[in-house]
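Scroll down for the structure; my scribbles are underneath it.
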Amino acid sequence: MSIFNIKNLQCIRRDNILFQGLNFDLEQGGLLQIDGVNGSGKSSLLQMCVGLIQASEGSINWNGVNIKESRYQFQSDMTYFGHSNGVKAELTARENMKVMHALSGDKSDIDYSSILKQIGLAGLEDVLLSRMSAGQKRRVGLSRIFMTQSKLWLLDEPFNALDKNGKKIIEQLIVKHCTAGGMVIFATHQTMEIDGYPLQHIHLGNET
Amino acid sequence: MSIFNIKNLQCIRRDNILFQGLNFDLEQGGLLQIDGVNGSGKSSLLQMCVGLIQASEGSINWNGVNIKESRYQFQSDMTYFGHSNGVKAELTARENMKVMHALSGDKSDIDYSSILKQIGLAGLEDVLLSRMSAGQKRRVGLSRIFMTQSKLWLLDEPFNALDKNGKKIIEQLIVKHCTAGGMVIFATHQTMEIDGYPLQHIHLGNET
Amino acid sequence: MNEYLNIFFVILRRDLTLAFRNKSEFINPLMFFVIIIILFPLAFGSDSALLKQLTSGIIWISALLATCLSLEAIFRSDFEDGSIEQLTLARYPLTLLVSAKVTAHWLTFGLPLIIVALLTGLVLSVPSQTMLALLITLLLGTPVLSLIGAITVALTIGLRGGMLLSLLILPLYMPVLIFSMLAVQNATVGQSIAAEIYFLSGILVLAITLAPITTAAALRIRLS
Amino acid sequence: MNEYLNIFFVILRRDLTLAFRNKSEFINPLMFFVIIIILFPLAFGSDSALLKQLTSGIIWISALLATCLSLEAIFRSDFEDGSIEQLTLARYPLTLLVSAKVTAHWLTFGLPLIIVALLTGLVLSVPSQTMLALLITLLLGTPVLSLIGAITVALTIGLRGGMLLSLLILPLYMPVLIFSMLAVQNATVGQSIAAEIYFLSGILVLAITLAPITTAAALRIRLS
Amino acid sequence: MSLYKKCHRWFHQFASPKYFYDISHIISKYAIVVCIICFIAGLYGGLILAPADYQQGDSFRIMYVHVPAAWMALFVYVVMAVAGGIGLIWHIKLAEIVARNSAPIGASFTFLALVSGAIWGKPMWGAYWVWDARLTSFLILFFLYLGYIALQSAFEDRRVAARAGAILALVGIVNIPIIHYSVEWWSTLHQGSIISQIDKPTVHMSMLIPLIFMVLAFKTFYVTSLLIRVRTEILEYESNTSWVKQLLRDYKNVTN
Ligand code: HEM
Ligand SMILES: Nc1ncnc2c1ncn2[C@@H]1O[C@H](COP(=O)(O)OP(=O)(O)OP(=O)(O)O)[C@@H](O)[C@H]1O
Ligand SMILES: Nc1ncnc2c1ncn2[C@@H]1O[C@H](COP(=O)(O)OP(=O)(O)OP(=O)(O)O)[C@@H](O)[C@H]1O
Ligand SMILES: [Mg+2]
Ligand SMILES: [Mg+2]
């Protein structure tokens with residue numbers, strides 16, 4: 001049985017129908033890329049999937065239950081990372097990570113330094129984010145997917161502002177997560193390099 | 001003689017020396033890419049080049065004059081596009097373009113619709129930017145390089161959030177500008193596809 | 001339960017850290033409050049008999065105004081950097097997280113404000129029974145200001161046209177002000193202030209129970 | 001010259017459009033102004049003889065505080081979306097662009113405020129010679145508030161704590177408040193207000209000539 | 001022309017951190033001596049020699065703290081603003097350091113004048129505080145100082161902070177004439193100017209001379225404490241220049 005599924009979804013923004021009758025199912029280990037040109041509705045779809053905007057039609061189900069009906073259940077199984085990093089510029093990397101970790105609901109002890117090292121920010125534990133570069137901020141924001149137990153990740157252009165190495169780190173993490181039975185839905189304009197892991201696609205918009 | 005040149009530039013941020021003794025010259029038609037991993041100082045270098053942050057050592061010259069000494073002269077020959085789009089979310093595409101055009105100092109009449117069309121936003125003249133997608137906003141911000149007469153463009157990750165087609169449009173514009181004798185300095189983590197136009201590089205940071 | 005308490009303190013700690021990062025941040029609201037108080041003698045002339053009559057009213061109004069100016073800070077930066085989405089999508093009830101944020105606001109703003117208000121009262125030689133009434137009303141009233149203020153901010157943050165709602169809610173400050181002033185006036189002439197204190201406590205209890213829920217709902221409306 | 005005038009109007013138009021789009025930003029301070037005025041009878045009791053004496057002072061204080069609330073809007077959104085960098089890097093003098101922005105602020109805030117203040121004065125039956133003094137002082141004073149306010153906002157924009165702004169700004173507003181209140185008091189007792197008007201005009205001229213330059217310098221400092 | 005050049009050169013030499021570090025040491029040594037002498041003389045003259053006032057009794061003696069402190073509060077502000085302006089225009093580091101370090105000293109003088117005035121006010125006016133123009137505008141000066149200090153701490157980069165502070169100080173300077181002339185412009189409870197009463201018999205010479213000593217003592221105290229602070233900050237600023245490293249080495253040799 002599919003764990004995350006979408007039925008007959010419709011999205012209307014600015015009186016345009018961006019997409020309609022959209023269906024898809026995601027099983028354990030599923031890796032799904034949303035494709036489409038700028039403005040085709042990728043971010044809108046992701047925001048619908050997490051419940052930030054309401055679909056005008058159709059339903060989104062988690063474990064067979066509509067996410068509107070079991071919001072906190074769904075939210076505790078899900079991690080969303082959007083266009084904005086969702087980190088505070090006036091906190092240090094470590095402080096930001098503490099908050100993200102607590103909000104994720106994961107109760108295990110975590111060594112923040114080792115995660116920062118994994119993500120290529122070794123030694124920046126106590127630097128304010130306002131004093132980091134665009135890519136470094138993005139990495140701190142992305143560190144949340146290193147610190148969560150949730151099954152489903154929804155990532156909106158995670159590779160924005162990342163350099164090649166940063167992109168590779170995230171790609172590997174995604175594949176690892178899926179191999180372990182997790183699920184990832186993401187949107188990006190860049191080419192994924194995931195060494196043959198089966199990648200599903202949704203195309204939005206007319207052009208391909 | 002080189003038109004834009006940098007002598008012995010040093011950049012210190014958070015008490016780290018990011019780079020020092022940096023020199024380069026840019027001639028007419030020069031196309032320069034700044035490479036480096038996240039946090040290596042690409043944005044800092046570009047901000048120094050336009051005078052947004054001060055170099056701790058070294059000088060930056062435009063037509064042989066230090067840019068600090070002839071600030072408005074330099075600024076009228078230069079267009080900068082940074083990490084943030086520099087457009088107002090509460091104005092429409094056309095209103096934003098009018099302001100950008102006026103600030104660029106170009107006095108020719110411009111057909112905003114045709115530029116929007118070139119940049120792939122046909123028909124979005126009167127849409128508020130707050131109701132556009134990330135890539136669409138970025139395109140409106142980039143429209144400034146379609147509306148300026150300035151010789152030197154400095155672009156910080158112009159392809160962020162753009163789809164493949166958007167990237168191609170900008171690449172072509174850059175090549176066209178350089179072919180016509182202009183100069184472009186830019187930073188990006190993505191691979192440029194510019195059909196053999198000679199591309200210079202600066203590498204920042206230890207890794208390459 | 002313990003887990004909820006833990007997350008409450010994480011958010012509280014986060015907001016307090018943000019507030020205290022800048023050393024002067026702690027003193028600023030207080031000085032601001034005092035400066036507003038200074039404005040009055042300048043505007044009303046220095047007829048000291050008149051001013052004496054108005055002192056406690058001035059202190060309360062200044063507290064109210066200073067609060068108004070400080071409120072936006074509760075959610076603004078979270079809204080701008082996308083943190084608010086992350087809070088909404090966390091696995092914990094938004095009401096809980098919002099409570100922590102409001103508590104942080106009161107601790108960094110309301111509490112110091114009370115202390116400075118008392119000091120100001122001392123310097124301006126407010127009689128002691130008035131002073132007591134001032135202290136009690138401020139203790140009961142300032143949390144209400146933070147709590148109700150949070151609703152307004154949640155509704156209007158980053159929004160065009162939210163002004164109408166803010167208009168509806170700002171008058172909610174009035175009851176607090178009215179009862180507080182009644183209490184202070186009664187205390188000054190030596191009457192009992194029990195009734196006003198009951199009213200204020202009632203409002204406070206109501207605000208504590210309902211405001212966070214309302215704020216959370218307002219945030220969700222605002223984000224969707 | 002013509003080119004400079006043109007760019008001035010482009011920026012002015014831009015800021016006016018933004019203000020009218022985002023109506024809450026524009027109406028909120030005005031509402032705030034009215035609400036402050038309403039607060040006073042609540043706080044001071046409705047002893048109408050007493051209040052009558054204070055009306056013009058109340059109006060001026062409210063104007064001052066409402067200005068504080070409205071000021072940040074001059075640069076905040078520009079700072080956040082990177083527009084301010086583009087203004088700084090434009091080929092036109094920053095002083096010119098800043099002047100346009102301050103003008104827009106006064107047009108969308110100072111001018112309506114004067115109108116609302118006069119209406120309030122009418123409703124509260126302020127005598128006509130006091131009213132005239134109020135009008136003149138507001139006309140001369142509010143542009144100064146916008147101009148000086150812009151300097152402080154430029155200095156503090158994006159620094160943590162909106163409180164810092166109010167802390168810096170209120171002391172700088174004192175001269176305007178003091179002279180305005182003197183004028184209003186003199187007018188009420190039927191004395192000449194020429195001296196105060198000269199003072200206020202002097203301050204205004206000084207502010208118009210120096211404030212935009214200072215604001216531009218402050219912005220450059222803040223951005224570096 | 002050549003005079004101008006000479007001045008210019010002298011100015012730049014004086015403003016160079018190393019030269020200033022050396023010369024300020026000498027200046028502060030003399031200043032502290034003058035300060036102590038004047039302080040003793042002023043206190044002795046004011047508290048013991050001067051006769052009790054026929055109206056105020058002994059309470060007028062607070063004047064010997066209040067008046068110099070109040071004058072210094074204004075004076076230091078002007079110094080701060082002017083030094084800030086010099087730093088802003090000519091990018092002279094030393095001026096920036098002087099401006100920044102004047103602020104806490106000035107704030108302290110202001111506080112002292114406020115407190116001493118309040119104490120004096122109790123016997124004179126029957127209240128610690130009255131809302132008159134002089135007192136209010138002076139309190140505002142205190143907040144200007146605090147605002148300046150708060151602004152300094154809000155910036156991370158000290159040079160940026162110094163320039164931002166300079167702008168604030170320069171704009172705030174309009175308050176100085178208001179404070180000074182407040183007694184003339186408004187009918188206030190506060191005393192008028194002493195200086196304008198010198199040729200009149202209101203202030204007796206035996207009261208005035210100690211006051212002059214106290215004023216001198218306060219001024220030299222300011223100079224001394226300012227120089228100490230400035231010297232410390234110069235060392236911090238220049239900590240990686242050769243002359244400071246040399247200084248450190250010498251110091252270590254001496255202490256070993
Ligand atoms: C908290 C209360 C007070 C404050 C804030 C205050 C403030 C000041 C200030 C700012 C000055 C310097 C004015 C200038 O140089 O332009 C000053 C001077 C002076 N104050 Fe006060 N004062 C206070 C109380 C008093 C009291 C109670 C007295 C005595 C009745 C007094 C007597 C004087 C005198 C004699 C001077 C010298 C006047 C001159 O030559 O300028 N002050 N005070
Ligand atoms: N405002 C700031 N204050 C202090 N240090 C900063 C600031 N901004 C960036 N830095 C530091 O300077 C270094 C270079 O930052 P910069 O933004 O120039 O990097 P970049 O090469 O553009 O990186 P990216 O690819 O992530 O955009 C980083 O190590 C960063 O931590
Ligand atoms: N807040 C909004 N209100 C109304 N319409 C919006 C809003 N945000 C986006 N839109 C419109 O919805 C469409 C889809 O936007 P969305 O952000 O989902 O695109 P996207 O596929 O993520 O594009 P990008 O690749 O540029 O990020 C666009 O045409 C945009 O104009
Ligand atoms: Mg998108
Ligand atoms: Mg960068």
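Computed from a predicted structure; not experimentally measured. Proteins get letters first, then strands, A, B, ... in listed order; numbering begins at 1 in each.
- Taking chain B as the reference chain and counting heavy-atom pairs below 4.5 Å, the highest number among A:Arg13, A:Lys167, A:Met132, A:Gln190 is found for A:Gln190.
- Contacts of B:Leu121 with chain A are absent, with no heavy-atom separation under 4.5 Å from either backbone or side chain.
- Of the charged side-chain nitrogens involved, at least one lies within less than 4.0 Å of a carboxylate oxygen, so that B:Arg94 and B:Asp126 count as a salt-bridged pair.
- Interface check for chain A: of the options B:Ser133, B:Ser44, B:Gly120, B:Ala161, the most heavy-atom pairs under 4.5 Å are formed by B:Ala161.
- Among B:Ser43, B:Gly39, B:Gly41, the residue making the largest number of heavy-atom pairs under 4.5 Å with chain A is B:Gly39.
- Counting heavy-atom neighbours within 6.0 Å of A:Asp195 CG, excluding the residue itself, gives a total of 12 or less.
- Proximity to chain B (any heavy atom under 4.5 Å) is shown, for A:Arg138, by neither the backbone nor the side chain.
- For B:Asp111, the CG atom is densely surrounded, since the number of other residues' heavy atoms within 6.0 Å is greater than 12.
- A salt bridge is absent between A:Lys164 and B:Asp35: the closest approach of a Lys/Arg side-chain nitrogen to an acidic carboxylate oxygen does not fall below 4.0 angstrom.
- Using a 30° and 60° split on the angle between ring planes, B:Phe24 and B:Phe4 fall in the tilted class, from 30° to 60°.
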